[in-house]
Structures are given as structure tokens and as C-alpha cells.
Amino acid sequence: MAVTDHVDLATFMKGVERRNPHQPEFTQAVQEVAEDIFDFIEDKEAYHSEQILRRITEPDRVVSFRVCWEDDNGNIRVQRGWRVQNNNAIGPYKGGIRFHPSVTESVLKFLAFEQTFKNALTGLPMGGGKGGSNFNPKGKSDREVMRFCQSFMTELYRHIGADVDVPAGDIGVGGREIGYMFGQYKRITNHFTGVLTGKGMEYGGSMIRPEATGYGAVYFLQEMLKHRGDGVKGKIAVISGSGNVATHAAEKITQMGGKVVTLSDSGGFIHDPDGIDQDKIDWIKIHKTRNRGRISDYVDQYSGATFHEGKNPWHVKCDVALPCATQNELDDEEAKALVANGCIAVAEGANMPSTLKATHVFKDAKIMFAPGKAANAGGVAVSGLEMSQNSERRSWKEEELQKMLLDIMQGIHNRCLAYGDKGNGYVDYVKGANIAGFKKVADAMLAFGVV
Ligand code: NDP
Ligand code: 2IT
């Protein structure tokens with residue numbers, strides 16, 4: 001008789017924890033998905049007999065390597081780099097690279113796991129991966145960042161390729177870092193291929209890739225509100241972060257007639273009751289991205305705004321909230337504060353910004369809650385379109401890409417409805433996203449047999 005994995009959720013999670021000791025972020029991400037998948041697969045014997053859940057929670061491979069570089073004072077510095085190739089059942093591994101001192105194997109495994117289902121939800125043929133390093137780009141000169149990126153790519157290049165694994169940006173990795181890494185890849189291999197996305201426009205990048213994650217998150221928010229006969233116009237929005245995702249989410253909310261009143265960074269948040277309009281967003285983009293400044297400087301620039309050191313913005317009254325900074329930045333107490341203050345919708349621009357308990361608060365309160373794997377998929381979707389343009393050696397116009405991004409976000413919303421619509425006016429977007437993403441990857445795995 002075949003051995004099946006008909007165990008209960010608690011027993012399954014004990015096994016995950018035993019096999020992945022000291023990896024809290026990874027086990028949290030698995031638990032969040034497994035909570036929904038257990039119900040879904042209960043009566044579907046093939047998923048049990050083929051041990052799909054057990055297999056899907058084991059990365060295809062985790063590569064770890066040493067990255068040495070020399071700082072401006074001639075000191076030799078040693079960092080650790082990783083690439084987690086989680087699952088390539090539906091396409092080449094695809095996912096960003098993160099440079100931040102908090103990066104660990106657990107963080108990258110959770111991100112690669114989430115990425116697998118997110119990429120499936122886009123409808124594009126992309127598997128899931130993630131990479132990064134505990135390198136801290138803050139306070140480093142451009143030359144130091146360049147030397148680090150070159151050293152990182154000197155090891156990474158042997159594991160990636162346009163049809164194998166296509167990295168992109170994430171926290172601490174933007175246009176500058178992608179440029180240095182692409183230059184080094186080309187130099188080592190002598191191949192000019194679409195091996196990275198988020199590239200500059202001069203060398204194969206796609207229009208709207210920088211905007212895509214933030215814009216996509218707001219399109220998703222708009223779809224949720226529209227489903228209830230409402231819209232973004234006139235809504236007060238609280239946003240965390242002030243990087244790529246946060247600033248572009250703020251921009252799209254503003255364009256749609258909403259009012260953004262907060263942004264943040266790891267130092268604290270700014271509250272501007274007058275609204276952070278386009279001019280102010282442009283100033284933040286230059287100040288934070290080009291000048292690598294702090295969000296606290298905003299209050300010197302714009303009177304009427306206040307800076308709240310060491311705090312998150314979740315106690316500020318709002319209609320909608322978009323956590324766009326990092327994982328576990330919104331806990332259950334803060335989720336309760338949002339609900340108590342009348343927040344009706346949360347769209348996660350970041351990956352897993354809400355703790356498991358916070359997601360349960362949102363679900364119990366039955367507010368609209370879009371998990372990151374659905375709401376922030378616009379970035380990787382446009383990365384997928386960049387891959388297509390690179391393969392075809394052509395580029396689409398901005399208007400065409402804007403339309404494709406909107407179509408993709410609407411498609412993800414529909415996929416969430418297919419498995420998450422409770423039929424009583426409430427849509428469980430977490431369940432919808434988890435099941436739709438899982439099913440596509442799992443069915444491809446079934447087709448391959450035991451591999
Ligand atoms: P950026 O590096 O551009 O910005 C990150 C922002 O988050 C900064 O404001 C940063 O503040 C803040 N932040 C980072 N770490 C922490 C922390 N530990 N505590 C508080 N604030 C923190 O990154 P992105 O905007 O690209 O990424 C933000 C989130 O969105 C991440 O979760 C990422 O995985 C996710 N995401 C990104 C996509 C993309 O296309 N870029 C696509 C999909 C998801 P500070 O400057 O002080 O460090
Ligand atoms: O979390 C994410 O989806 C990203 N950082 C973007 C990945 C990508 O390949 O564009």
C-alpha cells in the first residue's frame with residue numbers, strides 16, 4: 001500500500017519545524033499556506049499519495065557562498081550570499097535579491113516559498129526563487145557597493161541563466177545594484193541575455209518595472225474595493241516604508257484620488273495630515289533613493305508633518321493600509337488598532353508584513369485583506385514581461401505595459417475569487433491566493449511524477 005501523508009496540520013508543522021530548525025520566518029510562511037491547503041486537499045487523494053505538500057515545502061536547492069570584498073579603507077570584508085531555488089515546476093526560478101543585514105537562510109527560504117505561489121498567480125510561466133546577502137548597503141560608497149556586487153555575481157553567475165534562474169531587485173537592491181551585477185555577469189560569461197530583470201532602459205530593462213509593484217498593489221486594492229461597489233477615490237491611506245514599493249504605491253493612490261498620510265523607514269514614520277502629494281513623493285524619491293537620506297528629514301522640508309521615532313504608522317486613523325516595508329512589521333495589536341480605527345482594507349505591498357496573528361485578526365474582522373503573494377505580484381509580473389521582451393529582442397510601449405499590468409492584477413483578483421469567495425459577501429483573499437497558487441504548481445508537479 002502507498003504511503004500517504006494524511007496527517008493533521010499540527011503534526012505536519014512539527015515535521016517542518018524539525019527539518020528547518022531556527023528558521024521561524026520559513027515555518028511561518030509554510031504554516032500560513034498549509035492552513036488553507038489542508039482543507040483543500042483533504043478529499044484529493046493524488047496530492048496525498050504523491051506527497052505534494054511534503055515535496056512543495058522542500059526547496060529544490062539552497063546555494064550558500066562566501067562573498068569577499070575590499071572596503072574603501074583597504075579592509076577585507078566577508079559576507080555570506082545565498083540563492084534559494086525553491087521550485088521550477090512551471091518555469092525558470094524567478095525572484096529578487098535582497099541586501100540587508102537581517103538576511104538569513106530562513107528569510108530567503110520564506111521569500112522563495114512565497115514567490116513560488118505568487119509567480120503562479122500571475123499566470124506567467126515562472127518558478128520561484130530568492131537570493132541575497134547580509135551585506136548592508138547603508139553608508140557604503142558607490143565603489144564599495146560595486147565591488148560587493150561584482151564579488152557576489154562572481155559566485156552567483158554559475159547558478160543562474162535566462163532559462164534557468166532570473167534574479168531581480170528587492171530590499172537594498174535597485175537599479176544601481178542590478179547594473180553592477182549585470183555588468184559583471186556579462187563580463188564573466190560574455191553573454192548578453194535576460195539573466196536579470198529590473199535592468200536599466202539602456203540595456204534591456206522594461207518600462208514601468210520600477211513602478212510595477214506599488215502600482216500593482218493599488219490596482220489590487222482598487223479591485224477589492226470595486227468588488228464591494230467602492231473605490232480608492234477619497235480614501236485616507238496609511239503606508240509604511242519609503243522605498244521602491246511604498247513610494248510607487250503612494251503615487252498610484254494619489255493619482256486615483258486617495259490621500260496618503262504616512263510613510264516610514266526603519267527609523268520611524270512621518271505623518272502628514274495634509275496628504276503626501278506627487279511633489280512631496282518626488283522629493284522623497286530623490287532624497288531616499290538618490291541621496292540615500294532618511295524619511296525623518298521630511299519634517300524639515302514640509303511643515304505640518306510630524307516624525308514619530310521608532311514607531312510604525314498603524315495607529316493612525318485610515319480607511320486603507322498598505323504595509324510596504326518588510327516582514328512582520330504589523331502585529332496583532334496593531335491589526336486590532338487598524339480595525340478599531342475603521343480601516344476597511346489592507347493590501348500587502350511587502351512580503352509577509354503581517355504576523356500570522358495579525359492575519360487572523362483581519363480575517364476574523366472580515367475586512368478586505370490582500371496577502372503579499374496576490375497584492376505585490378505586479379513587480380514580478382512586469383519582470384516576466386521583461387523576460388519576454390528580452391527573449392524576443394523587442395520592447396513594448398509604456399501604454400501597452402500599463403494595460404498588461406492592470407490585466408494581470410485583475411486576473412489575480414479573479415483567481416482569488418475562484419477559491420476565496422465565501423458567497424456571503426466576504427472574500428477570503430488569503431485562502432483564494434494560497435489555493436490558486438498551490439494548485440497550479442502542484443498539478444505541474446503531479447505531471448512530472450516523482451522528481
Ligand atoms: P527598498 O529597499 O526600496 O525599501 C525598503 C523600505 O523598507 C525602506 O523604507 C526601508 O527603510 C524599510 N525597511 C527595510 N527593512 C526594514 C526593517 N527591518 N524595519 C523597518 N523598515 C524597514 O525595498 P522595496 O521597496 O523594494 O521592498 C519593500 C518590500 O516589498 C519588501 O518586503 C520586498 O520583499 C517587497 N517586494 C518588493 C518588490 C519589488 O519589486 N521591489 C516586489 C514585491 C515585493 P530603511 O531605508 O530605513 O532601511
Ligand atoms: O518579492 C518580489 O516579488 C520581488 N522582489 C520581485 C521579484 C522579481 O523577480 O521581479
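When reading the values below, keep in mind they use all heavy atoms of this one structure, side chains included, and skip hydrogens, waters and symmetry mates. In listed order, ligands and their atoms are each counted from 1.
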Under 4.0 angstrom from ligand 2, any heavy atom of [X]?
{"X": "R209", "result": "yes"}
{"X": "K130", "result": "yes"}
{"X": "G169", "result": "yes"}

List the closest protein heavy-atom neighbour of [atom]: residue, atom name, distance to the nearest 0.1 Å.
{"atom": "atom 38 (C) of ligand 1", "value": "T213 OG1, 3.7 Å"}
{"atom": "atom 7 (C) of ligand 2", "value": "G96 N, 3.5 Å"}
{"atom": "atom 13 (N) of ligand 1", "value": "A325 CB, 4.1 Å"}
{"atom": "atom 5 (C) of ligand 1", "value": "I171 CG1, 4.2 Å"}
{"atom": "atom 3 (O) of ligand 2", "value": "K118 NZ, 2.7 Å"}
{"atom": "atom 37 (C) of ligand 1", "value": "V245 CG2, 3.5 Å"}
{"atom": "atom 10 (O) of ligand 2", "value": "S383 OG, 2.6 Å"}

Under-4.0 Å heavy-atom contact with ligand 1, by part of S102 that carries it: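 It is neither; nothing of S102 touches ligand 1.
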
Part of A377 with heavy atoms under 4.0 Å of ligand 1, whether side chain, backbone, both or neither: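 Under 4.0 Å from ligand 1, A377 contributes no heavy atoms.
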
Ion pair K373/D36, N-O distance below 4.0 Å: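 Judged by the 4.0 Å cut-off on N to carboxylate O distance, K373 and D36 do not form a salt bridge.
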
K235 with D319: basic N within carboxylate O range, under 4.0 Å: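 No.
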
Whether Y429 and H413 hold their rings parallel, tilted or perpendicular, with breakpoints at 30° and 60°: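 Because their plane-to-plane angle lies in the 30° to 60° range, the rings of Y429 and H413 count as tilted.
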
Mutual orientation of the aromatic rings belonging to Y302 and Y298 [parallel < 30°, tilted 30-60°, perpendicular > 60°]: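 Tilted.
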
Whether G372 lies under 4.0 Å from ligand 1, heavy atom: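 Under 4.0 Å: no for G372.
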
Atom of Q410, atom of E223 and distance for their closest heavy-atom approach: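 Reported closest heavy-atom pair: NE2-OE2, 3.1 Å.
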
From CE (M181) to CG (L156), nearest 0.5 Å: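 It is 8.0 Å, given to the nearest 0.5 Å.
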
Numbered atoms and elements of ligand 1 in range of R98, under 4.0 angstrom, heavy atoms: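 Answer, ordered by atom number: 31 (C), 32 (O), 33 (C), 34 (O).
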
